Amino acid sequence: MSRHWLMKSEPEEFSIDDLERVGTEPWSGVRNYQARNYMRDGMRIGDGILFYHSNCAEPGIVGLAEVRSEAYPDPSQFQRRSDYYDPASTPEAPRWLLVDVGFRRKLARTITLAELKDRDELGDFALTRRGNRLSVLPVTRTQWDFILALEKPRRGR
DNA sequence: GCCAACGTTGGC
DNA sequence: GCCAACGTTGGC
């Protein structure tokens, strides 16, 4: 059973264009236990990912990606000079994991946060819950299908 | 275990 | 740049 996810990235750090260029990217730097648990316990190879640009002029979903690996230890937690270094983590008991994220395609247009907030059809959507800050969050099949249908608005609206 | 202080996220 | 809403840390 394939599942669906949303992953946030600041475009100034790593954008959908960056992902298109590299093809596959080890998603390092997740330092939140709930987000880690989604990657470790929820994600399977082939799962679909909504790629979201955060902390930018027009926050929103800009592309599609997919899970390309099982979760494995994030090497940056062991690198002293990395921003993501965690002195409390050891290779024997790594605290932080990542998955490889692969490019699928860019969307024809950005589906903005404002638009997503406006859509009651999305129901209880993790992205627009008050106070949400998770960078990795689940998307239901229904939400996935609805969001992709928004990509090309029908005429006459 | 409580909770104040602090750091981060991310929209605006 | 502001600030609300979190999560984490550490004293007690």
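So that the names make sense, note that chain A is the first sequence line, chain B the second, and so on, each numbered from 1. Keep in mind it's a predicted model, so treat the numbers as computed, not measured.
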What verdict does the salt bridge (charged side-chain N to carboxylate O under 4.0 Å, His left out) test give for A/Glu66 and A/Arg68, after you've listed the backbone C-alpha separation in whole Å, the side-chain angles of each residue and the deciding distance to 0.1 Å? CA-CA 6 Å; A/Glu66 64 187 29; A/Arg68 290 257 170 92; 2.9 Å; yes
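The side chain of A/Arg133 lies closest to C/dA5 when the candidates are C/dT8, B/dC12, C/dA5. With C/dT8, C/dA5, B/dC12 as the choices, the nucleotide that has an atom nearest any side-chain atom of A/Arg130 turns out to be C/dA5.
Of the side-chain N and O atoms in A/Lys8, none sit less than 4.0 angstrom from OP1 or OP2 of B/dT8. Between A/Tyr52 and the phosphate of B/dG11, there is a side-chain N or O to OP1/OP2 separation shorter than 4.0 Å.
The distance from atom NE2 of A/His53 to atom P of B/dG10 is 13 Å, rounded to the nearest whole Å. When rounded to the nearest whole Å, the span between CG of A/Asn37 and C1' of C/dG7 equals 14 Å. Rounded to whole Å, atom C1' of C/dC2 lies 13 Å from atom CG of A/Asn55. For A/Leu116 and B/dG10, the CG to P distance is 15 Å, given to the nearest whole Å. Computed from coordinates, the A/Arg95 CZ to C/dT8 P distance equals 10 Å when rounded to whole Å. Regarding A/Asp83, its CG atom lies at a distance of 13 Å from the C1' atom of B/dT8, rounded to whole Å. Straight-line distance from the CD atom of A/Glu58 to the P atom of B/dG11: 12 Å, rounded to whole Å. The distance from atom CD of A/Gln34 to atom P of C/dT8 is 10 Å, rounded to the nearest whole Å.
Results of the ring-ring contact (aromatic ring centres under 6.0 Å, His included) test with A/Trp5 over A/Tyr52, A/Tyr38, A/Trp144 single out A/Tyr38 as the only residue that passes.
Ion pairing between a basic and an acidic side chain is recognised when a charged N comes within 4.0 Å of a carboxylate O; A/Arg105 and A/Glu151 show such pairing.
A perpendicular orientation is assigned to the rings of A/Trp27 and A/Phe51, their planes being inclined by more than 60° (bins at 30° and 60°).
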